[in-house]
Amino acid sequence: MRRRPNRRAICIHRNYEVSELAHLLGVCKRTVRRWMDAGLPAIRDRKPALIMGQDVIDFLDRQAKPKHRCGPGQFFCFRCHAPRSAAFGLAEIVNHSAVSLNLRALCSVCAACVYRRVSLRRLDQDMPGIEVRDAQAPRHLGDIDDACGIVTLAAE
C-alpha cells in the first residue's frame with residue numbers, strides 16, 4: 001500500500017535539496033525528481049537544485065485526491081472508492097444507540113457491504129427513499145428470545 005508523504009514535516013521558510021527532501025518525506029530521490037518534472041517548482045540553474053518548502057506543500061496539496069462526501073441516501077463503498085446508493089433501496093440496522101444508527105447495505109454497483117452512521121434525528125433527511133429495516137437475524141445465540149430451537153446433547 002502506498003504511503004502519503006507527511007507534509008507536516010516540511011518547514012515552509014526553508015530550502016531543500018533533493019536528497020534532503022526525499023529523506024524528510026520518506027520517499028526516493030527519484031520520486032522527488034519526478035515531482036520536479038511534473039511541475040514542482042525548483043531552482044535548477046545551480047547545483048544542487050533547491051526546492052522551497054512552501055512550494056512542496058502547495059504541490060502535495062494539488063496532488064491530493066479530493067474527499068468524497070456522501071450525499072443523501074448514499075453510502076461510501078471502499079471497493080469502488082466512491083459514494084454509492086444502496087442496492088434495491090434497502091438498508092438494515094446493524095447497531096443502534098439512543099441518538100444514532102449504524103446502517104449496512106449492499107453497493108448498487110459491486111454488491112459489497114457498505115456502512116454508514118446516521119443520526120436518528122436526521123434519518124429522514126440523510127436516507128430519503130431508503131427503506132431502513134431491523135437486522136434479519138440475531139447476531140449471537142444469546143440474543144435469541146425463544147431457545148426451544150437449541151438442543152443440547154448429553155454424552156451417554
| request: Run through the side-chain heavy atoms of Ile, Leu, Val, Met, Phe, Trp and Tyr, join any pair under 4.5 Å, and report what else lands in Val118's cluster. | output: Phe75, Ile93, Leu101, Leu103, Val114, Leu120, Leu123, Met127, Ile130, Val132
| task | Considering non-hydrogen atoms only, spot the tightest contact between Ala87 and Cys107 and give its length. | result | CB-O, 3.9 Å
| said: Under 4.0 Å between a side-chain nitrogen and a carboxylate oxygen: does that hold for Arg133 and Glu92? | reply: no
| message | According to side chain to side chain contact (heavy atoms under 4.5 Å, CB included), who are the partners of Leu50, at least two apart in sequence or on a separate chain? | response | Asn15, Glu17, Ile43, Arg46
| note | Applying side chain to side chain donor-acceptor pair (under 3.5 Å) to Gln54 and not counting sequence neighbours gives Asp58
| query | Taking only residues two or more places apart in sequence or in another chain, which ones pass side chain to side chain donor-acceptor pair (under 3.5 Å) with Ser100? | reply | Ser97, Arg117
| Residues sharing Phe76's hydrophobic cluster, by side-chain heavy-atom contacts under 4.5 Å among ILVMFWY, directly or via others? | Phe78
| remark: Residues at least two apart in sequence or cross-chain that pass side chain to side chain donor-acceptor pair (under 3.5 Å) with Asp126, listed by chain then number, are Arg122
| Would you say Leu60 and Leu24 are hydrophobically clustered, going by side-chain heavy atoms of ILVMFWY under 4.5 Å? | yes
| request: Please list, chain by chain and in numerical order, all residues satisfying side chain to side chain contact (heavy atoms under 4.5 Å, CB included) with Ala82, sequence neighbours excluded. | output: Arg84
| said: I need the full list of ring-ring contact (aromatic ring centres under 6.0 Å, His included) pairs touching residues 8-32, with sequence neighbours left out, sorted by first then second residue. | reply: none
| task | Over all heavy atoms of both residues, which pair between Cys80 and Cys110 is shortest? Give the atoms and the distance, please. | result | SG-SG, 3.5 Å
| Would a hydrophobic clustering, with Ile, Leu, Val, Met, Phe, Trp and Tyr connected at side-chain separations under 4.5 Å, put Val18 with Leu21? | yes
| query | CZ of Arg62: more than 12 outside heavy atoms within 6.0 angstrom? | reply | yes
| Is there side-chain contact between Val32 and Ile51, with heavy atoms separated by less than 4.5 Å? | yes
| field | For Arg7, all residues meeting salt bridge (charged side-chain N to carboxylate O under 4.0 Å, His left out), sequence neighbours excluded | value | Asp61
| query | Mind checking who shares a hydrophobic cluster with Leu106, ILVMFWY linked at side-chain heavy-atom distances under 4.5 Å? | reply | none
| said: Per the side-chain hydrogen bond (donor to acceptor under 3.5 Å, both in side chains) rule, what does the pair list look like for residues 35-45, sequence neighbours excluded? | reply: none
| With no hydrogens and no angle check, is any side-chain donor or acceptor of Arg116 less than 3.5 Å from a backbone partner on Gln74? | yes
| query | For residues 19-32, which residue pairs qualify under salt bridge (charged side-chain N to carboxylate O under 4.0 Å, His left out), counting only residues two or more places apart or in two chains? | reply | Arg14-Glu20
| query | If two hydrophobic side chains count as joined below 4.5 Å and joins carry through other members, does Leu40 share a cluster with Leu25? | reply | yes
